> 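I am attaching a structure below and will ask some questions about it afterwards.
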Amino acid sequence: MQFITDFFLRDTAEVARGLLGHYLVRETPEGLIKGIIVETEAYLSSSDPACHASRGKTKRNATMFGLPGRAYVYFIYGNHYCFNVVTGPEGKGEAVLVRAVRPVAGKELMLKYRGNDCPEINLASGPGKLCQAFAIDKSFDGHDLRTKTLYLQQNESAGYTGAVKATPRIGLSVAKEKMLRFIIEGNKYLSR
DNA sequence: GTTAAGATCTGCT
DNA sequence: GCAGATCTTAACG
């Protein structure tokens, strides 16, 4: 079952928390890839210097200011893509970074896209690894996440996957103190 | 035109 | 635990 737009129009931190336990699905010509989201981070537009949108709209972050429920994909550190879901009303500039999933289907394909024989526990345990395993690149920037090839799917048992915990976000040089990272506590597939 | 910093990963010590 | 790889974007001259 798909998410409705209203889900993404709520408070961004609530959306980040609410996505835990649900599915991220990728349909490739070679087969289906599916994972359960176990780690997310919220990026707010106001008073959040860590957010790309905090210093206004630019060519790179324009997607963040677009329609909720779209994908915001950007390239970082010369090597990696990061996958976000745009939240809030159009023009606000907020998003949720999906940092890690637990693989549930298409593990062979994920392994192939990751390009080495990494253990299952590391297939998608981090934003860059997740994009590699799901073959997500810049062509998905602005992609509507209710259409095929890449979408989010509700999981009825999401609320029973474990206790949710808020922690500081990872890898930032500013606003390190904000508790905007959400994890399923104790899950083996977290980035750390 | 030039430069510095970045929502990371991997391999080596 | 730490440094290096690697390159796009945005700010500045």
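Convention: sequence-line order gives letters A, B, ...; per-chain numbering from 1. Just so you know, these numbers come straight off a predicted model, no measurement behind them.
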> Counting any heavy atom closer than 4.0 Å, what does A:Tyr77 reach on the DNA or RNA strands: base, sugar-phosphate only, or nothing?
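If one applies the 4.0 Å heavy-atom cut-off, A:Tyr77 turns out to touch a base.
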> Rounded to whole angstrom units, what separation is found between the NZ atom of A:Lys129 and the P atom of B:dT10?
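The answer, rounded to whole Å, is 5 Å.
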> Under 3.5 Å, is there an N or O donor on one side and an acceptor on the other linking the side chain of A:Tyr74 and the base of B:dA7?
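Answer is yes: a donor-acceptor pair is held.
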> Starting from P on B:dA7, measure out to CD1 on A:Ile136 and report it in whole angstrom.
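Checked: the CD1 to P distance equals 18 Å.
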> With the side chain of A:Asn79 defined as its heavy atoms from C-beta on, choose the nearest nucleotide among C:dT6, B:dT8, B:dA7.
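The answer is C:dT6, which lies nearest to the side chain.
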> Taking NE2 from A:His52 and P from B:dT8, how many angstroms apart are they, rounded to a whole number?
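Roughly 9 Å, once rounded to whole Å.
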> Closest to the A:Leu172 side chain: B:dA7, C:dC7, B:dC9?
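It is B:dA7.
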> What's the closest nucleotide to the side chain of A:Lys138 if the choices are B:dG6, C:dC7, C:dT9?
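Among the listed nucleotides, the one closest to the side chain of A:Lys138 is C:dT9.
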> For residues A:Ser54 and A:Asp48, is any side-chain donor paired with an opposing acceptor at under 3.5 Å?
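Per modelled atom types, A:Ser54 and A:Asp48 side chains form no pair under 3.5 Å.
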> Where the side chain of A:Ser173 is concerned, which of B:dT8, B:dG6, B:dT10 is the nearest nucleotide?
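Comparing B:dT8, B:dG6, B:dT10 against the side chain of A:Ser173, the answer is B:dG6.
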> Starting at CZ of A:Phe75 and ending at P of B:dG6, how long is that distance when rounded to a whole Å?
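Going from CZ in A:Phe75 over to P in B:dG6 covers 17 Å.
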> I want to verify a distance call: between C:dT9, B:dT8, B:dT10, whose nearest atom is closest to the A:Arg60 side chain?
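Comparing C:dT9, B:dT8, B:dT10 against the side chain of A:Arg60, the answer is C:dT9.
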> Testing the 3.5 Å rule here: is there a donor-acceptor pair between the side chains of A:Tyr113 and A:Glu30?
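Yes, a side-chain donor-acceptor pair sits under 3.5 Å.
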> Verify the contact: side-chain N or O of A:Arg114 to OP1 or OP2 of B:dC9, cut-off strictly under 4.0 Å; return yes or no.
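The answer is no; no side-chain N or O of A:Arg114 sits under 4.0 Å from OP1 or OP2.
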> Give a yes/no verdict on a cation-pi contact between A:Arg70 and A:Tyr72, requiring under 6.0 Å between NZ or CZ and the six-membered ring centre and an angle within 45° of the axis.
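No - A:Arg70 does not lie over the ring of A:Tyr72 by the 6.0 Å and 45° rule.
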> Name the pairing partner of B:dA7, where a pair is Watson-Crick or G-U wobble with both distances under 3.5 Å, or state none.
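No nucleotide pairs with B:dA7.
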> Measure from CG on A:Leu44 to C1' on B:dA7 and round the result to the nearest Å.
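It works out to 13 Å between those atoms.
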> By nearest atom, which of the nucleotides B:dA7, C:dT9, B:dT8 is closest to the A:His80 side chain?
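It is B:dT8.
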> Using side-chain heavy atoms (C-beta onward) and a distance below 4.5 Å, is A:Thr87 in contact with A:Pro68?
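No, side chains not in contact.
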> Find the distance A:Leu97:CG to B:dT8:P and express it as a whole number of Å.
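After rounding, the gap between these two atoms is 8 Å.
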> So A:Arg169, base contact, sugar-phosphate only, or nothing? Heavy-atom distance under 4.0 Å.
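It contacts nothing in the nucleic acid.
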> Tell me whether the guanidinium CZ or amine NZ of A:Arg99 lies under 6.0 angstrom from the six-membered ring centre of A:Phe83 and within 45° of its axis.
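No - A:Arg99 does not lie over the ring of A:Phe83 by the 6.0 Å and 45° rule.
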> Between A:Tyr43, A:Phe65, A:Tyr74, which is the residue that forms a ring-ring contact (aromatic ring centres under 6.0 Å, His included) with A:His52?
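Looking at A:Tyr43, A:Phe65, A:Tyr74, the match for A:His52 under the ring-ring contact (aromatic ring centres under 6.0 Å, His included) is A:Tyr74.
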> In this structure, how many angstroms lie between the P atom of B:dC9 and the CD atom of A:Gln132, rounded?
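Distance check: A:Gln132 CD to B:dC9 P gives 9 Å.
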> Between A:Tyr72 (OH) and C:dT9 (C1'), how many Å, whole number?
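Value for this atom pair: 10 Å.
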> Does any nucleotide pair with C:dT6 by Watson-Crick or G-U wobble geometry, both distances under 3.5 Å, and what is it?
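None - no nucleotide pairs with C:dT6, as no candidate has both distances under 3.5 Å.
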> Report the residue (A:Thr58 or A:Gly78) whose heavy-atom-nearest nucleotide on DNA chain C is the more 5′ of the two.
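Its nucleotide being nearer the 5' end, the pick is A:Gly78.
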